[in-house]
Amino acid sequence: TVDGSVRFTGAAHLVVSLMPHPLRMTVGHVRRLVVAIHNSGPDPAVHALALIEVRAAHFTIVRFSGKQLPPPSGANSLAHARWGARVQSWPAIAGGASRGKPSVVWKVGTIASGRTVRAVVRLDARSAGRDELLVAAGSSAGDPPCEGVTPTRQCKSFAFANLIARKPA
């Protein structure tokens, strides 16, 4: 709900994976990274969203193949309100790792139990250095290993990719 409480319907265990990982590239070049989200079930992951965010300033997302949510416009965006409440409950993400607004919010839709969805992120290396790309997925279904203040080790609904950019030779 928009008041900050979150109610889940069903249970869908989401697993995020990124390829390639780590991603090494040269400054000034664009490379692609595939984001995959698998629903291990048992229920469909309805109203699934994924936050895709570059953590520092060495890289930028220049293209994304999935359907994006428009930027939130105040408190009237239920999807953003629900997503914000879920992300803020994850200490690994909310505890200082996230540095601002998401680069992309992927409007995944429904992921049936046992199915995988994929999207392509194209990244531009703007300057030399190390960075991280965060992908965190959630839906209106609960993800039991990820619920509560401290997610368990079985929580796989978020992933980090190491990004490494080097100066041209």
Side-chain angles (χ1 to χ4, degrees), residues 6 12-40 45 48-72 77 79-109 111 116-139 143-169:
V6 179
H13 182 52
L14 300 179
V15 178
V16 175
S17 60
L18 306 168
M19 288 295 294
H21 171 65
L23 180 67
R24 291 181 170 87
M25 54 195 290
T26 304
V27 172
H29 291 126
V30 174
R31 294 257 331 253
R32 62 182 238 142
L33 183 119
V34 177
V35 177
I37 304 171
H38 178 77
N39 178 6
S40 296
L49 297 173
L51 167 83
I52 303 171
E53 178 179 81
V54 176
R55 308 294 266 211
H58 297 292
F59 291 79
T60 188
I61 295 174
V62 293
R63 189 172 179 140
F64 178 69
S65 69
K67 184 175 184 177
Q68 294 182 50
L69 263 182
S77 174
H80 281 276
R82 178 182 294 138
W83 181 247
R86 159 128 324 156
V87 169
Q88 290 307 314
S89 72
W90 292 342
I93 297 168
S98 181
R99 292 201 174 126
K101 296 181 181 175
S103 298
V104 172
V105 176
W106 176 15
K107 186 178 180 179
V108 180
I111 309 170
T116 302
V117 295
R118 290 177 182 80
V120 175
V121 177
R122 294 197 183 277
L123 296 160
D124 178 21
R126 300 175 64 113
S127 60
R130 292 180 177 267
D131 211 334
E132 286 183 325
L133 181 85
L134 160 72
V135 178
S139 74
D143 193 342
C146 301
E147 301 304 320
V149 177
T150 307
T152 68
R153 290 185 184 271
Q154 289 77 30
C155 180
K156 305 289 183 198
S157 57
F158 57 91
F160 294 92
N162 291 315
L163 308 174
I164 303 163
R166 300 195 174 158
K167 293 180 182 177

Q: List the atom of V27, the atom of S127, and the distance in Å for their closest heavy-atom pair.
A: CG2-C, 3.5 Å

(Q) Working to the nearest 0.5 angstrom, can you tell me the gap between H58 NE2 and M25 CE? (A) 13.0 Å

Q.
I'd like to check L33 versus F59 (side-chain heavy atoms, cut-off strictly below 4.5 Å). Are they in contact?
A. no

**Q.** Separation of L23 CG from L133 CG (nearest 0.5 Å)
**A.** 9.0 Å

(Q) What I'd like to find out is whether the side chain of V30 reaches to under 4.5 Å of the side chain of V62, using heavy atoms alone. (A) yes

Q: Mind jotting down which residue pairs meet the side-chain hydrogen bond (donor to acceptor under 3.5 Å, both in side chains) criterion with at least one end in residues 25-35? Sequence neighbours excluded, please.
A: none

Q.
Distance check, rounded to the nearest 0.5 Å: I61 atom CD1 versus D124 atom CG?
A. 11.5 Å

Q.
So which atom in L18 and which in F160 form the shortest heavy-atom distance, rounded to 0.1 Å?
A. CD1-C, 3.7 Å

**Q.** N39 (side chain) donor-acceptor with I111 (main chain) under 3.5 angstrom
**A.** yes

Q | For L163 against E132, the heavy-atom pair lying closest together | A | CD1-C, 4.0 Å

Q.
Please give me the minimum heavy-atom distance between A57 and D131, naming the atom from each residue.
A. N-OD2, 3.9 Å

Q. Say you draw a straight line from CG of L14 to CZ of F158; how long is it, rounded to the nearest 0.5 Å?
A. 12.5 Å

Q. Which pairs pass side-chain hydrogen bond (donor to acceptor under 3.5 Å, both in side chains) with one or both residues in residues 13-23, sequence neighbours excluded?
A. H13-D143

Q. Minimum heavy-atom separation for F64 to V121, with atom names?
A. CD1-CG2, 3.7 Å

Q | side chain to side chain donor-acceptor pair (under 3.5 Å) involving T60 - partner list, sequence neighbours excluded | A | none

Q) Can you name the residues that form a side chain to side chain contact (heavy atoms under 4.5 Å, CB included) with R24, not counting sequence neighbours? A) P22, I164, R166

